[in-house]
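Heavy-atom basis, side chains included; hydrogens, waters and symmetry copies ignored. Atoms within a ligand are numbered from 1 in the order they appear, just like the ligands themselves.
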Amino acid sequence: MIESELRNSTTEEVVAELRRRSSFVMVSHVKPDGDTLGAGLALGIALRRMGKRVAYFQQDPVPRNLRFLPDTEFVARELPADLPPDTLFVFCDMSDYSRAGEFLPKIEREHMLDIDHHLGNSHFGAFNYVIPSECSTGTTVMHLLRGLGVEVDKAIATCILTTIMTDTGGFMHSNTSPEVLELSAELMRLGADKEQITEEIFANKRVAATRLLGRIVDEMQFAHDGRYCWSHVDDAMLAQTGADGEDTEDIVNTLRGQEGVEVAALFKAYDGEIRVSLRSNGRVNVQAAAATLGGGGHFRASGLTYVGSLDDAFAAVDRALVAQGL
Ligand code: 5GP
Ligand code: MN
């Protein structure tokens, strides 16, 4: 890859490109969360207000707890048939385009804009707007909305505040800077309903999800003098509790929250694959650990897909974490 391809685009360059194009497809990652979806919706709504044509591509369905977001009824797993040739594909919150899933047809690099805040983003677009110091992809999008001079209304404010609350864990993670709190206050004044977002994202748990939490907690294991906690969920546990994959989302944070635990891992072995979620208290870099196994993410929150048996996954992740100083 040549040096210029790794270069980030400036806000002005991205804004000029957004103005120049007439048609957009906002792309979210597989197993979507409030950041990938909220960031895409916020920018999509703004572009539609500017008279642009906007479609949304997401391989997986909109999770139950994000259906309150505006315009989610337009999110589809197929591309419209009649996309104009100047369509720009806007990838939100993914360190590589492969995170969009295998259903997305191949897209020429010149038609890709990569908006993200992950460490180790591969700068896969012709335009890359990657700011790892941002707490969410949504706050990264905020710079573009300001550059475009778009009025941030209730719908857009709700989407952006959802990205913040998702990626700061409800203002609890270390990425909750004074600036993030100030922006959040501004978004609330613009109409974003923090209570509704809290309820949808952090409450409203299905009973099946809480029963699954109980099963996963039962299976917790500890190693490295109690600094590492891990557990797993498999097809049988989902069937026993009536829960599904969406219900596993923030359980890894419960494991990380145990006394003395610095790193937690949840191994999600269902639907024919093993997905691993890693969380750290900030001493061990779990992004680096995940990256050695083909995954990625952030210093304190990362993930990967492991190909092999569950026992091999346990061993490989343990080794990768030890290599990072666990
Ligand atoms: P989660 O555990 O919530 O699925 O993911 C935590 C973080 O790691 C998120 O920021 C997510 O984007 C990132 N992540 C999860 N899985 C993968 C993966 O397979 N590849 C990469 N590059 N990042 C991942
Ligand atoms: Mn994010």
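- No donor-acceptor pair under 3.5 Å is formed between the side chain of Arg99 and the backbone N or O of Val30.
- With no hydrogens or angles considered, no side-chain donor-acceptor pair links Arg215 and Thr241 at under 3.5 Å.
- For atom 17 (C) of ligand 1, the nearest non-hydrogen atom of the protein is Gly303 O, 3.3 Å.
- Protein heavy atom at the shortest distance from atom 19 (O) of ligand 1 is Arg275 NH1, 3.4 Å.
- In this structure, a donor-acceptor pair under 3.5 Å is absent between the side chains of Thr72 and Tyr56.
- Closest to atom 22 (N) of ligand 1 among all protein heavy atoms lies Ser95 OG, 2.9 Å.
- In this structure, the side chain of Asp60 engages the main chain of Lys31 through a donor-acceptor pair within 3.5 Å.
- Ligand 1 places these atoms under 4.0 Å from at least one heavy atom of His298: 10 (O).
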(message) If you apply the rule side chain to side chain contact (heavy atoms under 4.5 Å, CB included), what do you find for Lys194 with Phe171, and how did you get there?
(response) CA-CA 11 Å; Lys194 178 184 155 296; Phe171 305 114; 4.1 Å; yes

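- A heavy-atom distance below 4.5 Å is not found between the side chains of Asp250 and Ile201.
- Formation of a donor-acceptor pair under 3.5 Å by the Asn128 side chain with backbone atoms of Asp114 is not found in this model.
- Residue nearest to atom 11 (C) of ligand 1, selected from His29, Arg99, His117: Arg99 (by heavy-atom distance).
- Side chain of Lys268 to main chain of Ser277: no donor-acceptor pair is present (N/O by atom type, distance under 3.5 Å, no hydrogens or angles).
- Summary of contacts: the protein heavy atom closest to atom 7 (C) of ligand 1 is Ala301 O, 3.5 Å.
- If you check each of Gly297, Ser302, Ser98, Ala291 against atom 5 (O) of ligand 1, the one with the closest non-hydrogen atom is Ser302.
- Scanning the protein heavy atoms around atom 14 (N) of ligand 1, the nearest turns out to be Gly296 O, 3.4 Å.
- Relative ring orientation between Phe314 and Phe267 is described as perpendicular, the plane-to-plane angle rising above 60° on a 0-90° scale split at 30° and 60°.
- The option with the heavy atom closest to atom 3 (O) of ligand 1, from among Lys268, Arg279, His118, is Arg279.
- Each of the following atoms of ligand 1 lies closer than 4.0 Å to a heavy atom of Leu304: 16 (N), 19 (O).
- Between Phe91 and Phe89, the angle of the ring planes lies from 30° to 60°, which puts this pair in the tilted group.
- Protein contacts to the Mn ion (ligand 2) involving N, O or S atoms at a distance below 2.8 Å are Asp35 OD2, Asp93 OD1, His117 NE2, Asp167 OD2.
- When non-hydrogen atoms are compared, ligand 1 lies under 4.0 Å from the backbone of Ser277 as well as from its side chain.
- Between Asp247 and Arg64 there is a salt bridge, since a side-chain N of the basic residue sits under 4.0 Å from a carboxylate O of the acidic one.
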